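This report refers to the structure that appears directly beneath it.
Computed from a prediction, not measured in an experiment: that's the story for all the values here.
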Amino acid sequence: MISLTDSQKIGIGLMGFGVFFLFFGMILFFDKALLAMGNIFFVVGLAFVIGLERTFRFFFQKHKMKATSFFLGGVLIVLIGWPIIGVILEFYGFFLLFRGFFPAVVSFIRRIPVLGYLLNLPFISGEV
């Protein structure tokens, strides 16, 4: 069992609220207030989970500056009031930032009973 500190537990909760508000904001036709709160909760929760210094090191690595600028620029554009453009930029930046983690996520999902069966179907397994 993985032991979590209290700040990491708070961070996981904040990230969960962030994902909820982002999802709910998109369902309600890109409500900019919900999207802004979701962005803030997610980024602050990430800082709580991995620590402030490691968060800065992750986002501001030299080879990730393009991804960081897209992601944080999208957050800023959502906060300014253009939610659709901001969310598109955020998703692109998120994909660029975390594309190294996707193979690990897919291999984890392959071990889940129903989802693993779906990912191992012949026409899907060649793509993923």
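Minimum interatomic distance between A36 and L79 (heavy atoms only, all atoms of both residues): CB-CD2, 3.3 Å. Between T55 and I50, the shortest heavy-atom contact is OG1-CG1, 3.3 Å. Closest heavy-atom contact between K9 and L4: CE-O, 3.6 Å. Scanning both residues, G45 and L14, for their nearest heavy atoms gives CA-CB, 3.7 Å. Nearest approach of F42 to M15, heavy atoms of both residues: CE1-CE, 3.6 Å. Listed here is the closest heavy atom pair of V78 and K32: CG1-O, 4.2 Å.
Using a 4.5 Å heavy-atom threshold, the side chains of T5 and Q8 count as touching. Side-chain contact between F21 and L35 is absent, with no heavy-atom pair separated by less than 4.5 Å. With contacts defined as side-chain heavy-atom distances shorter than 4.5 Å, the pair F71/V43 qualifies. At least one side-chain heavy atom of N39 sits less than 4.5 Å from a side-chain heavy atom of E90. F30 is not listed as a side-chain neighbour of L34, based on a closest heavy-atom distance of 4.5 Å or more.
Not counting sequence neighbours, the partners of F58 by the ring pair (Phe, Tyr, Trp, His ring centres under 6.0 Å) test are F98.
Checked against the 6.0 Å centroid criterion, the rings of F94 and F70 do not qualify as a close aromatic pair.
Through chains of ILVMFWY side-chain contacts below 4.5 Å, I27 is grouped with F23.
The hydrophobic clustering, which links ILVMFWY residues whose side-chain heavy atoms are closer than 4.5 Å, places V106 and L121 together. When the side chains of ILVMFWY residues are joined at heavy-atom separations under 4.5 Å, either directly or via intervening members, I80 and I84 end up in two distinct hydrophobic clusters. Residues I85 and M26 fall into different hydrophobic clusters, defined by Ile, Leu, Val, Met, Phe, Trp and Tyr side chains chained together at heavy-atom separations under 4.5 Å. Hydrophobic clustering, with ILVMFWY side chains joined whenever heavy atoms are under 4.5 angstrom apart, keeps F91 apart from W82.
In this structure, the separation between CG on L96 and OG on S69 is 9.0 Å, given to the nearest 0.5 Å. To the nearest 0.5 Å, atom CD1 of residue I40 and atom CE of residue M37 are 8.5 Å apart. Put simply, CG on D31 and CG on L22 are 11.5 Å apart, with the number rounded to the nearest 0.5 Å. Between L72 atom CG and F60 atom CZ the span is 5.5 Å, to the nearest 0.5 Å. Atom CG of L89 sits about 5.0 Å away from atom CD1 of I77, to the nearest 0.5 Å. Considering CG of L119 and CZ of R111, their distance stands at 12.5 Å, rounded to 0.5 Å.
Other residues, nucleotides and ligands place more than 12 heavy atoms under 6.0 Å from the NZ atom of K64. Atom CZ of R54 is surrounded by 12 or fewer heavy atoms from other residues, nucleotides or ligands within 6.0 Å.
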Practice problem: Applying side-chain contact (heavy atoms from CB on, under 4.5 Å), run through L52 and F48 and close with a yes or a no. | Solution: CA-CA 7 Å; L52 198 58; F48 268 89; over 6 Å; no
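The aromatic rings of F95 and F102 lie parallel to each other, their planes meeting at an angle below 30°, with 60° marking the opposite boundary.
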